Every structure is written in structure tokens, then in C-alpha cells.
Amino acid sequence: MPELPEVEILKKSLNRNIKFTKITKTKINNVNLRYKVPKHLNKVLKGQIIENISRISKYLILHLSSKKILLIHLGMSGTIHIVRNNNNRNTNASFYNSSNLPEKHNHIEITLNNNLKLIYNDPRRFGYFKILSNKFIHQPPLKNLGPDPFSSSFNFKYIDNYIKNKKKNIKNLLMDQSFVGGIGNIYANEILFHCQLNPHKKISELNKKNIFQILRNTRKVLRKAIFFGGSTIKDFRRTDGKSGNFQQTFKVYGRHNAKCSSYKCNGVIKKTIITNRSTFFCPKCQN
DNA sequence: AAGAGGCCCTGATAGC
DNA sequence: TGCTATCAGGGCCTCT
């Protein structure tokens, strides 16, 4: 489910609402995620102050006062909901209340000392929780990640050098987390449309102009998605349960058989499969 | 050794 | 209504 924009929105919401709160209790309802929920999770979290919340690629990171970190990956369908503990009255619209909270798949509940509770919900169980030491940057899974798309190390020289002697196509390159961290299927499709690049195009055929297009449009599309509150296709929800709106601006994703929205283009969006993932593009203006 | 494909899991929807 | 098949925002593992 969540790609960089959705995790970034989640990070900001958590920083607004739970930064410097103390964890009083952890309840594990179901240990079955991609990896089993660590047995010592409760022990590690209890009494900890959440000093900061950051994001690397699609990973969410809670920095604890013990200097350990809680790494959270949301997989395809993970969401974190902020719930007010006692919401009998004085209902605050910016949080979930018991009436719109999902009933199934609430794997983990973390109670805080400010009357709020975090609920991790994940129907498909591809997400996971992991405790890491303060050297987490140099440990898997983070150590193999490419630069953040917004960082200065994601630049022309880096891309130009990275694609040398490689054979894959441009869509798989964008989706490759060791090339750049955070782009998934939706945004890879959208970025390539804005670059007017065919997703099948081999990276060995990219010219200088193409590389600059990739740089510019990657940042443009992701920044816009964050501004629109992320994309809700099926089940992405913000921490308050509301949907994102970026999906209304999709140019190609999910738009097969629809008319291309490019100025003066009369092409029709086509759907194909690349490495098992749905791929959408306009055959006419993406070459 | 890079790259393609299978697979983990549940739920929604389409088609018969 | 009720079955079965297909498809989902990811990424690890295996095989070539």
C-alpha cells in the first residue's frame, strides 16, 4: 500500500500528535505479520518516551528514549490509527473514534500517556515491527536502501553512474529500492508519464535530458502527492481515518482505456504487466 | 551477479 | 446467492 508520500504523511501526523509522549502499555492481538512481532516488544517499549518520528524510504522509525528504535514497515495494507482512549463526549474529529475504527486485523495497540492510543492494522500482514539498536542505519533492512528522492545525493551524477552497464527497464529501476528509496508501483507509473518515458524503455537508452526529467518529475510527483494527503486506492487511511486525495489527480494509474490527458494527445491509456506489477502508460506520448 | 518471477496473506470485486 | 478466479500501494528468496 503505502509508498513514500503516505509514510511521510503518517510521520508528520505522529510528530504532531505523539512526539514526547510516554508509552504506558503495549497490547499484541496477533503476532502474525511478515515476521512475528518481537516477543520482547512490550518490555522494550514500556515507559519509553517517543523522542522523534522519522522516515527512511517507506520505513517509519520511532526513536525511543533508550536510544533503541522501533522500525515499522506497512507492507501493502498496513495503517496506523490514532484513537482517543475515552471518547464518550468531546469527540475530536482529527482522531478515530470507536464508530469508524476497523474491527478486524488490529494487530498491535500502543497506549500513550496523553489519552491517545496507536493501533496498527494490517489485513494482508505484509508489514512488520522490528526493534533495532542506534546503529540501525548500518543494519538491514536499511543499509541497502538507495538515497531519499529529496536528498542532494539523488542527483544527475548519481543516476548517470548508477545506470551504467545495467540492463533493466526504467520502470523497474524506479521501483528498485536500492536505487532510490520510496517509490512504489503507483508513483513509478505517474512519474514515467510526467517524464513521457515508456516504462519498457531500457535504462541503457536514457540520454542526459531523460535523467534530468526523471530527477525533476520524481520530486514533483511525490511532493504533490504529499500535498494532496497521499493516495487512497482501497485502504490507505490517514491516522484520523480520512482518505488521501492524490488519486483524483492520477494521469495513468488505474486509467486504462481512458483518454490520455496530455495536451493535444489523443492516445488511450494502456495496461500491461511488468515484473508482475500492473503498468499503465500512454503509448502515444510516452516513448 | 543482475534481473525476472514466485510467493507470503486477506479481502474486494468480477464473472459465471 | 454462491461459487471461483483475479487482482491489490511491497519486498524477500530462489533460480537462471
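These numbers come from a predicted model, not from an experiment. Protein chains get the first letters and strands the later ones, always in sequence-line order, with residue 1 at the start of each.
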Taking the [atom1] atom of each, how far is [N] from [M], in whole Å?
| N | M | atom1 | result |
| --- | --- | --- | --- |
| C/dG11 | B/dA1 | P | 24 Å |
| C/dA5 | B/dC7 | P | 16 Å |
| B/dG6 | C/dT6 | P | 14 Å |
| B/dC9 | C/dT14 | P | 16 Å |

Next item on the list: Fill in the dot-bracket string of DNA chain B, one character per base: . for unpaired, | for a pair to another strand, ( ) or [ ] for pairs within the strand, taking Watson-Crick or G-U pairs under 3.5 Å.
Entry: .|||||||.|||||||
For [X] and [N], is the shortest distance between a side-chain N/O and OP1 or OP2 below 4.0 Å?
| X | N | answer |
| --- | --- | --- |
| A/K168 | B/dA1 | no |
| A/S77 | B/dG11 | no |
| A/N172 | B/dA4 | yes |
| A/N276 | B/dA4 | no |
| A/K104 | B/dG11 | yes |
| A/H73 | C/dG10 | no |

Next item on the list: Report yes or no: is the ring centroid of A/F126 under 5.5 Å from the six-membered base ring centroid of C/dG11, with the two planes under 30 degrees?
Entry: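 Per 5.5 Å and 30° rule: no stacking.
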To the nearest angstrom, how far is [X] atom [atom1] from [N] atom [atom2]?
| X | N | atom1 | atom2 | result |
| --- | --- | --- | --- | --- |
| A/R124 | C/dG10 | CZ | C1' | 9 Å |
| A/K58 | C/dC12 | NZ | P | 10 Å |
| A/M175 | C/dG11 | CE | C1' | 10 Å |
| A/Y35 | C/dG10 | OH | P | 15 Å |
| A/H256 | C/dC7 | NE2 | C1' | 11 Å |
| A/N121 | B/dT10 | CG | P | 13 Å |
| A/H107 | B/dT10 | NE2 | P | 9 Å |

Notebook entry, point to check: So A/Y162 and A/F179, would you call those rings parallel, tilted or perpendicular, with 30° and 60° as cut-offs?
Noted result: tilted
Check: When the ring planes of A/H73 and A/Y128 are compared, do they come out parallel, tilted or perpendicular, using 30° and 60° as the limits?
Finding: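 If you compare the ring of A/H73 with that of A/Y128, the planes turn out parallel.
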Note to self: Please give me every residue in residues 177-185 of chain A whose heavy atoms get under 4.0 Å of an atom in DNA chain C, ordered by residue number.
What the structure shows: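 Nucleic-acid contacts, sorted: A/Q177, A/G184, A/N185.
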Check: Which atom names give the shortest non-hydrogen contact between A/I211 and A/F156, and what distance separates them?
Finding: CG2-CD1, 3.5 Å
Next item on the list: For A/F250, answer base if it contacts any base atom (sugar-phosphate contacts may also be present), sugar-phosphate if it contacts only those atoms, and nothing otherwise; contact means non-hydrogen atoms under 4.0 Å.
Entry: nothing
Next item on the list: Under 4.0 Å between any heavy atoms, over every strand shown, what does A/Y253 touch: base, sugar-phosphate, or nothing? Just pick one.
Entry: sugar-phosphate
Next item on the list: Establish, from distance only, whether the side-chain atoms of A/S77 and A/D122 form a donor-acceptor pair under 3.5 Å.
Entry: yes
Checklist line | Polar contact flag, side-chain donor to acceptor under 3.5 angstrom, A/S231-A/Q247 | finding: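 There is no such pair between these side chains.
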Item checked: Partners meeting ring-ring contact (aromatic ring centres under 6.0 Å, His included) with A/F129 (sequence neighbours left out) ->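 ring-ring contact (aromatic ring centres under 6.0 Å, His included) list for A/F129, sorted by chain: A/Y120.
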Next item on the list: Have a look at A/K171 and tell me which of A/N198, A/N185, A/T275 forms a side chain to side chain donor-acceptor pair (under 3.5 Å) with it.
Entry: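 The single option meeting the side chain to side chain donor-acceptor pair (under 3.5 Å) with A/K171 is A/N185.
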Note to self: I want to confirm an ordering. Mapping A/H105 and A/R34 to their closest nucleotides on DNA chain B, which one lands closer to the 5' end?
What the structure shows: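 In this pair, the answer is A/R34.
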Next item on the list: Indicate yes or no for a side-chain donor-acceptor contact from A/Y187 to the backbone of A/M175 under 3.5 Å, with no hydrogens or angles considered.
Entry: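 Side chain of A/Y187 to backbone of A/M175, a donor-acceptor pair under 3.5 Å: no, none is there.
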Check: Any Lys/Arg nitrogen of A/E51 or A/K67 sitting under 4.0 Å from an Asp/Glu carboxylate oxygen of the other?
Finding: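 The answer is yes: the pair qualifies as a salt bridge.
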Checklist line | N/O donor-acceptor pair, side chain A/R125 with base B/dC9, under 3.5 angstrom | finding: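 Side chain to base: no pair below 3.5 Å.
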